[in-house]
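Written below as structure tokens is the structure these notes are about.
Every chain is numbered from 1, with letters handed out A, B, ... down the list of sequences. These values consider heavy atoms only, across backbone and side chains, with no hydrogens, waters or symmetry-generated copies.
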Amino acid sequence: GNSVTQMEGPVTLSEEAFLTINCTYTATGYPSLFWYVQYPGEGLQLLLKATKADDKGSNKGFEATYRKETTSFHLEKGSVQVSDSAVYFCALSFNDMRFGAGTRLTVKP
Amino acid sequence: GAVVSQHPSWVICKSGTSVKIECRSLDFQATTMFWYRQFPKQSLMLMATSNEGSKATYEQGVEKDKFLINHASLTLSTLTVTSAHPEDSSFYICSATNPQGPIIYNEQFFGPGTRLTVL
């Protein structure tokens, strides 16, 4: 079945550091891929998405490229801020939506 | 656009009582809504898929008699946790798809979640 494997956390970075959170997927068809962010006590917010191979999703300095050849959708940001501290979920959607385990990011000043 | 709300945002109840959680699509009609639960520091687990006017489809291992789902209108789905017990304490999140949006995106729009604590 469809599934998502996400880099285990937690991840702790200093402000302005480079961020990468790895995400790989397994799917029988051609899913859409998403990154969601969850702040403490809140629901999920869509961060970015990509719907086909080689698409690059971007938002708020975050980027992720849909790589069909490596079945990956790694999240990157060049310079993180304290306000980026949250839990990040990679997800794929085909007939339904499947989530990765989530990666908790803490950014220290 | 594509805003989903949930009510209540948090609820505390006694063991053995029933709790109803509402999920509303505010600016679109949602033929399909989804219910997830999330335990602390864990990912979202799909509980059931709710289609307007028909019975919900439950994921394996989810008790349909315990988690009653009603999707009576195109903008409202409800989840009732019957005879709640402490192990039902969790964060419940609903989502909806917008059939008038780009279907190829398969995108779901999420509500803010409801935290249930059963004493």
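For the atom pair Glu107(B) CD and Ser32(A) OG, the distance stands at 8.5 Å (nearest 0.5 Å). In this structure, CZ in Phe110(B) is found 10.0 Å from CD in Gln38(A), a value given to the nearest 0.5 Å.
Residues in residues 96-109 of chain A take part in these side-chain hydrogen bond (donor to acceptor under 3.5 Å, both in side chains) pairs, two or more places apart or across chains: Gln6(A)-Thr103(A), Asp96(A)-Arg98(A).
When atom types are taken as modelled, the side chain of Ser43(B) and the backbone of Gly100(A) share a donor-acceptor pair closer than 3.5 angstrom.
In this structure, the portion of Leu46(A) lying under 4.5 Å from any heavy atom of chain B is its side chain and not its backbone. For Phe99(A), the parts lying under 4.5 angstrom from a heavy atom of chain B are both the backbone and the side chain. The contact between Leu44(B) and chain A is made by backbone and side chain atoms together, counting heavy-atom distances below 4.5 Å. In this structure, chain A has a heavy atom under 4.5 Å from the side chain of Gln38(B), while its backbone stays farther away.
Heavy atoms only, all atoms of each residue included: Tyr36(B) and Met97(A) are closest at OH-CB, 3.7 Å.
By the rule that hydrophobic residues join a cluster once side-chain heavy atoms approach within less than 4.5 Å of another member, Tyr92(B) and Val87(A) end up as members of separate clusters. The hydrophobic cluster containing Val11(B) also contains Val81(B), counting ILVMFWY residues as joined when their side-chain heavy atoms lie under 4.5 angstrom apart, directly or transitively. Cluster membership for Phe34(B) and Phe91(B), using ILVMFWY side-chain heavy atoms within less than 4.5 angstrom, is shared. Both Tyr39(A) and Val80(A) belong to a common hydrophobic cluster when Ile, Leu, Val, Met, Phe, Trp and Tyr are linked at side-chain heavy-atom distances under 4.5 angstrom.
Surrounding NZ of Lys66(B) are more than 12 heavy atoms belonging to other residues, nucleotides or ligands, all under 6.0 Å away.
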